[in-house]
Structures are given as C-alpha cells and as structure tokens.
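So that the names make sense, note that chain A is the first sequence line, chain B the second, and so on, each numbered from 1.
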Amino acid sequence: MNIYRTHNCNEVRASNSDEKVTLSGWIHKKRDHGNLVFIDLRDNYGMTQCVVQKDSSHFEEIEKLKLETVIKITGSCIKRAADAINAELDTGEMEVVVDSMEVLGTCGELPMPVFSDQEYSEDIRLKYRFLDLRRKKIHQNIILRSKVISFIRDKMSQLGFLEFQTPILTASSPEGARDFLVPSRLNPGKFYALPQAPQQFKQLIMVAGFDKYFQIAPCFRDEDARADRSPGEFYQLDIEMSFVEQEDIFTILEKLMNDVFSQFSKKKIISKVFPRISYDDALLKYGTDKPDLRNPLIIYDTTDLFLSEEVKFEIFKKLIKQGSLVRAIKTTKTSEQPRSFFDGIDKWAKEQGASGLAYLTIENNNNVLSGKGPIGKLFSEAAIKELMKLCEAEVGDSIFFACGKKSEVEKLSAIARDKIANELKLIDENTFAFCWIVDYPMFEQDPVTNKIDFSHNPFSIPQGKTENIDFDNPLNIKAYQYDIVCNGIELSSGAIRNHKPELMYKLFGIAGYSKDQVDDKFSGMINALSYGAPPHGGIAPGLDRIVMLLADEKNIREVTMFPMNQGAQDLMMNAPSDVTDQQLKELNLKKIK
RNA sequence: GGGGGUGUAGCUCAGUUGGUUAGAGCGCUGGCCUGUCACGCUAGAGGUCGCGAGUUCGAGUCUCGUCACUCCCGCCA
C-alpha cells in the first residue's frame with residue numbers, strides 16, 4: 001500500500017463511510033474554532049474537509065500549521081450531518097476526522113495567496129509560478145492544454161499521420177524572424193540557430209517518403225512579445241502531407257478543428273465548413289487578413305460615389321484625387337441610436353490617429369430619401385440611392401465613412417468595424433467563427449525601399465501552370481498559401497510547397513537571391529528537391545492560441561506553464577543569466593560590453 | 001526603438017484642492033470561540049508611498065528625469 005494516500009482529495013464519497021483513509025495534500029484553508037479545526041486538504045484532483053478535534057494529540061500542532069503546508073493525514077471518513085453538507089464540493093457529503101498527521105513539506109509565509117480569486121501582478125506570479133500554478137483557473141488551463149495535446153495526437157494517429165522529432169539545433173536561415181543563435185564549441189566562430197519552425201525538415205520528411213507527418217513542435221523566434229505571443233518560444237501542431245492539393249489540407253484541418261473545438265468547448269462552431277475568403281476580399285470587406293466573422297459588419301468601397309456630382313463632400317474628393325480611398329461600414333437599424341453613439345465613434349477614430357469617421361443615417365421623408373447627420377445634406381437623393389445599392393443598405397441604416405490611403409483606410413476600417421460591433425453588442429461571445437484566408441500574393445513590395453520580397457513563406461508554390469505565370473509582374477502572382485483564422489485570431493498558416501527546383505530559383509531570383517545564395521542558404525532543401533520530391537503541402541496551427549480560445553483566455557501566459565515576461569526573462573529561473581569566463585572561452589566568445 | 005497604463009504594508013487596493021500621526025480587506029503574530037466551508041470576535045506587528053532631483057513653509061498628491069511591469073505600434077506566423 002502507498003504510504004502517502006489511500007485516496008486522493010476528490011475521492012471520498014458516502015460509500016466510504018467509516019473507512020480508515022489516508023490523504024496527502026496541501027492545506028488550502030484552515031478554519032480554527034478554538035476547540036475544533038477544519039482543514040480543507042487539496043491536491044490536483046480536488047478537496048476534502050478534514051476535522052481535528054480538541055482531544056486529538058495533533059491538535060495544537062495542526063492549529064499552528066501555515067497554509068500550503070503539505071501534510072499527510074490518517075483518519076476515519078465519516079458522513080457529515082445533513083445540515084453540514086457542502087454541495088459545492090465533490091466530497092462535500094463526507095469529512096475525515098484526523099487521527100494522525102505528518103508534515104511532509106513545510107511552507108514559509110506566502111508571497112502570494114493560493115486561496116483567492118484575486119488577480120496578482122505578473123512579476124509575482126511569474127517569479128512564484130509554482131504557487132501560481134496551484135491556483136484553480138490556471139491549474140485547469142494547463143490540464144486542458146495537456147488534454148488537447150493528447151487528443152490531437154490521438155486524432156492525428158487515427159488519420160494516418162506519423163509523429164517525428166526534428167532537430168532543435170539547426171542552421172540559421174535568412175528569411176522570416178530573428179533567430180536565436182547558439183555558439184558551436186567544436187566549430188569556433190560558427191553558430192547553430194534554434195528553428196523558427198521545422199519548415200525545411202518537414203519538407204525533407206516528405207522527400208524521404210513518409211507521406212504524412214505531424215509534430216507538436218517547439219518554435220523559436222527572437223521577436224518582441226504581445227499578449228497573444230510569447231517571447232522566444234511557442235508550439236505549433238506542425239503538419240505536412242505528400243501528394244495533396246490545397247483542398248486535401250482543408251478537409252483534414254476542418255475535421256481536426258471541429259473535433260478539437262467541439263470536444264473541449266461548449267461554444268458553438270458557426271460553420272463546420274470554414275468559409276474561404278481571398279486575401280484581397282478579406283482586406284476589402286474586413287480591412288484585415290484575420291477577420292472576426294462573429295462580427296456581421298462588412299466594409300464597402302464607396303470611392304467612386306464620392307467622385308460623382310451627386311455628392312458634394314469636397315474634402316474627400318480632394319483626398320481621393322491624391323490617391324485616397326473611401327471605405328464604408330453599414331450598421332443596420334441604427335436610426336434610433338443617440339447622437340452620442342455616432343459622435344463617440346467619430347471621437348474614438350480621431351483618438352486612433354485618423355481624421356475621424358464621417359457618418360449619415362438613411363431617412364425617408366414623404367417618399368424622399370435623404371441622409372441625416374453632419375454630412376447627410378451633401379448627398380443628393382440619387383447619391384443616397386446609389387449608396388444604398390453599394391452598401392446593401394435600407395432606410396433606417398447608418399453608414400460610416402473612412403478616407404485614406406489604401407493601407408491606412410484598411411487599418412482604420414478594420415478597427416472601426418470591431419469598435420462599432422462592440423458598441424452595438426453584435427458579437428456573440430459563445431461562438432467560434434472559423435475561416436480560411438486563401439490566394440495570398442507570392443510577393444510584396446516594401447513601401448519605403450520598393451524592394452520585392454516574399455510576402456509569406458518562400459517555399460510556397462505559385463498558382464497556375466509554371467509556363468503561365470507572369471514573372472514580369474511578380475506582385476500579381478498568387479500562391480497556394482492559406483491561413484486559418486478563428487474569432488479574429490490567426491491560428492495557423494500553411495501552403496502547398498514548391499517542389500520544383502528550377503521554379504524555386506526563379507522565385508528567389510525575383511526576391512533578389514542569386515542561385516549561389518539559394519544553394520548556400522537552403523542547401524538541404526534545394527538539393528533534396530532535385531532527387532525526386534513529391535508534391536506536398538502542409539500547415540501549422542499554433543497550439544498555444546488554440547488552447548487560449550478553448551480556455552477563453554486573452555493572454556497566452558494563462559495557458560503556458562512557465563512563460564517568460566515581456567522582456568524575455570524567466571523570473572523564476574533567472575534566465576537569461578551571466579555565464580563564466582571559462583564558458584565563454586570554450587565557445588570562443590568575447591563580450592563587447 | 002516609439003506611444004499608453006500602472007507602481008502606496010507580504011498580497012489586492014483606497015488615499016479628496018498639496019496640509020497634523022498614510023488607511024482598508026486578505027495574510028502574519030497573540031487572545032477568545034465545538035460545525036465551519038470567504039468561519040466569527042478581539043488585540044497587535046508590519047510603510048524608503050518604485051528610485052532620484054525639483055517647486056513649496058509643507059509633496060503619496062505637482063514638475064522633470066529614471067527604473068520595473070504591462071498593453072499597443074514597429075517586428076513577428
């Protein structure tokens with residue numbers, strides 16, 4: 001028999017009446033009545049109330065124990081009186097009358113309480129993460145994370161995928177994020193890099209003929225943190241498949257996401273088949289390539305209307321002639337909204353650094369259509385009719401207008417769409433709205449330097465037959481590149497890969513890489529592609545973000561066991577830290593300062 | 001690198017227009033209490049008001065600088 005426990009702290013039930021039991025756990029809470037002490041004993045599984053009577057030989061010792069001390073108790077499990085039952089506890093019908101007690105782990109004064117629903121500052125939580133993790137909500141989040149990973153592993157195996165590990169020490173690559181570097185002792189002056197993702201390896205696994213691969217893969221990127229982005233490291237469900245087209249990937253992922261999200265959340269998935277939205281459409285209709293489709297508002301382009309004689313809005317006309325666009329957001333049945341609602345949105349837009357949001361509400365006065373609001377009178381009836389057609393609007397609807405250069409107006413209209421929907425409470429928090437964003441451009445142009453670079457992954461394959469691709473206008477080339485977005489959060493991106501070396505050289509050439517550079521920087525890949533590479537593609541959903549959505553958390557640290565802070569420091573382990581001169585010498589490194 | 005927010009007891013916070021000895025709850029220490037489950041009652045300890053300058057007769061409060069944490073932009077799948 002185990003010396004520490006016969007039952008865990010969530011096990012005793014009425015059926016255990018009068019049994020002798022041994023429990024071990026943490027003192028969660030103590031209620032000292034002077035001649036009677038109640039102890040809530042907690043472990044991973046739950047809580048059991050223990051009672052110590054005055055006549056117990058351990059009474060005085062137990063009275064003095066601090067919260068969070070780890071103890072072992074042995075005693076009789078007895079049924080509580082009817083009026084003493086605690087319905088909120090699984091073990092609430094029972095209590096254990098303590099005969100003997102042993103302290104297994106002492107506890108000093110706590111820097112932060114475990115028993116409390118209060119919020120604590122991040123530094124204290126991270127420094128004493130082991131205490132923080134005892135607290136219920138985050139404890140459950142971490143357990144959820146574990147269950148999600150197990151579930152995914154199961155599903156992937158069932159679907160015929162094989163799980164492989166790929167190297168953690170690998171080569172630095174010029175694309176993408178900043179690398180974490182690791183100096184090589186045996187190769188003085190040279191460095192390994194931690195993988196930003198197992199991108200090249202998973203493609204090599206396909207070239208090696210394994211057909212379907214997955215991995216819960218650690219990824220390392222030396223970039224600044226955000227609430228939904230850990231500094232340094234995060235996990236992806238990395239997937240790659242051979243002999244597939246985009247639709248094959250979509251089928252697998254839709255099944256997986258539907259299974260995972262319906263298994264671990266009560267929220268409703270709005271559409272089991274995820275809508276497909278082209279990148280260009282997404283930017284027009286939502287102003288972003290990660291739209292929250294729970295938000296019903298849609299953005300319309302009304303630039304041409306403002307150029308017409310029927311609209312007398314001179315400021316916008318002038319801006320349009322200088323290259324600006326006008327985008328409109330329609331809200332339905334908002335004619336009854338108070339003036340403060342509209343002005344509030346306008347004021348908010350100005351706080352965002354925009355020149356504001358113009359607005360009008362469509363009215364019908366004696367069968368004459370007109371616009372109400374500050375700019376309403378600048379619209380003729382014909383203009384109102386045209387506007388209604390453009391924005392699919394009806395009498396009683398309101399329309400907000402943003403004007404600016406393409407990227408500015410997209411940005412403003414995107415956040416305005418969120419803001420307005422929140423004000424009008426249009427977002428159903430109890431749903432998941434997935435979508436695919438497809439048809440990403442292969443290249444993009446830096447607005448400052450005009451340099452053409454890959455917009456996403458350089459290993460994606462362009463759409464269409466190679467001989468039909470318009471290499472002279474690279475910005476028009478679309479790739480089989482796609483993202484999954486859920487509730488406005490980008491969950492993953494993937495692509496059908498380019499498995500043709502000649503085409504790859506050509507595309508890298510457009511981005512300014514010579515053949516020699518490609519051979520040098522991507523030697524493993526490019527070499528492999530010339531020895532019989534299957535067509536292949538994949539995707540890599542962010543695991544941390546999936547768990548965030550399932551746990552309904554806004555911050556990635558709430559689903560990460562031992563996260564670093566925003567400054568990329570581990571306050572508990574004191575990383576990063578100084579190292580000895582001897583260590584540096586072995587690595588052939590010298591500090592500059 | 002830039003912008004916003006926060007920083008007062010071990011923890012979470014309050015602190016009025018700049019005015020006497022800086023408060024509350026939890027925790028801690030002591031006393032009382034046999035049915036609590038946020039136990040109750042009672043007494044007490046605990047403060048470089050992030051740090052440094054400045055203004056002022058007087059600064060937790062105002063000004064400047066600085067540091068830490070956090071959110072956002074840049075950056076990043």
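- For A:Arg178 and B:G74, the CZ to P distance is 14 Å, given to the nearest whole Å.
- Residues that satisfy the side chain to side chain donor-acceptor pair (under 3.5 Å) test with A:Asp40, not counting sequence neighbours, are A:Arg31.
- With sequence neighbours left out, the salt bridge (Lys or Arg N to Asp or Glu O under 4.0 Å) criterion links A:Arg125 to A:Asp132, A:Glu558.
- Using the six-membered ring where Trp is involved, A:Phe432 and A:Phe434 have ring planes that are tilted, between 30° and 60° apart.
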What's touching nucleotides 4-7 of chain B from the protein side, N or O pairs under 3.5 Å?
none

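- Atom C1' of nucleotide B:A38 and atom NZ of A:Lys29 are separated by 6 Å, given to the nearest angstrom.
- Computed from coordinates, the A:Arg42 CZ to B:C37 C1' distance equals 15 Å when rounded to whole Å.
- When heavy atoms are screened at a 4.0 angstrom cut-off, A:Lys411 is found touching the sugar-phosphate backbone but no base atom.
- Ring planes of A:Phe274 and A:Trp436: tilted class, angle from 30 to 60°.
- Between A:Lys66 and the phosphate of B:G27, there is no side-chain N or O to OP1/OP2 separation shorter than 4.0 Å.
- No side-chain heavy atom of A:Thr91 sits under 4.5 Å from any side-chain heavy atom of A:Glu11.
- Counting non-hydrogen atoms under 4.0 angstrom, A:Lys54 reaches nothing in the nucleic acid.
- For a distance-only test at 3.5 Å, the side chain of A:Gln49 qualifies as a donor-acceptor partner of the base of B:U36.
- Between the CD1 atom of A:Ile78 and the C1' atom of B:G35 there is a distance of 11 Å, rounded to whole Å.
- If you measure from atom CG of A:Leu110 to atom P of B:C28, you get 8 Å, rounded to the nearest angstrom.
- You'll find that the side chain of A:Tyr120 is closest to B:C11, out of B:C28, B:A38, B:C11.
- Taken together, the paired segments of RNA chain B that extend over three or more consecutive Watson-Crick or G-U pairs, each closer than 3.5 Å at both contacts, are B:1-7 with B:67-73, B:10-13 with B:23-26, B:28-32 with B:40-44, B:50-54 with B:62-66.
- For a distance-only test at 3.5 Å, the side chain of A:Asp224 qualifies as a donor-acceptor partner of the base of B:G74.
- Among the heavy atoms of the strands lying under 4.0 Å from A:Gln236 are primed sugar atoms or P, OP1, OP2 only; no base atom is included.
- Checked against a 6.0 Å centroid threshold, the rings of A:Tyr213 and A:Phe161 do not count as neighbours.
- Of the listed nucleotides (B:U12, B:U36, B:G27), B:U12 has the atom at the smallest distance from the side chain of A:Gln118.
- Residue contacts for A:Gly542: at a heavy-atom cut-off of 4.0 Å it reaches no nucleic acid atom on any strand shown.
- In this structure, CD of A:Glu63 is placed 10 Å from C1' of B:C33, rounded to the nearest angstrom.
- In this structure, the CG atom of A:Leu65 is 16 Å from the C1' atom of B:G27, given to the nearest Å.
- Taking 3.5 Å as the limit, the base of B:G35 and the side chain of A:Glu95 contain a donor-acceptor pair of atoms between them.
- A:Phe38 comes within contact range of at least one nucleobase, with a heavy-atom separation under 4.0 Å.
- Annotation: side chain to side chain donor-acceptor pair (under 3.5 Å) contacts of A:Thr22 (sequence neighbours excluded): A:Thr74.
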Below 3.5 Å is the cut-off: list the nitrogen or oxygen pairs between protein and nucleotides 66-72 of chain B, distance only.
from	atom 1	to	atom 2	distance (Å)
B:C69	OP1	A:Asn565	ND2	3.3
B:C69	OP1	A:Gln569	OE1	3.0
B:C69	O2'	A:Asp123	OD1	3.4
B:U70	OP1	A:Gln566	N	3.1
B:U70	OP2	A:Gln566	N	3.1
B:U70	O3'	A:Arg557	NH2	3.3
B:C71	OP1	A:Asn555	ND2	2.7
B:C71	OP1	A:Arg557	NH2	2.7
B:C71	OP2	A:Gln566	NE2	3.4
B:C72	OP2	A:Ala227	N	2.9

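- Proximity of the aromatic rings of A:Phe201 and A:Phe164 is defined here by a centroid distance below 6.0 angstrom, and this criterion is not met.
- Comparing B:C75, B:C28, B:C37 by their nearest atom to the side chain of A:Arg229 picks out B:C75.
- At a threshold of 4.0 angstrom between heavy atoms, the contacts of A:Ile124 are confined to the sugar-phosphate backbone, with no base atom among them.
- Put simply, A:Arg31 has a side-chain N or O that comes within less than 4.0 Å of OP1 or OP2 on B:C39.
- The separation between A:Glu93 atom CD and B:U36 atom P is 18 Å, rounded to whole Å.
- You'll find that the side chain of A:Pro111 is closest to B:G10, out of B:G10, B:A38, B:C37.
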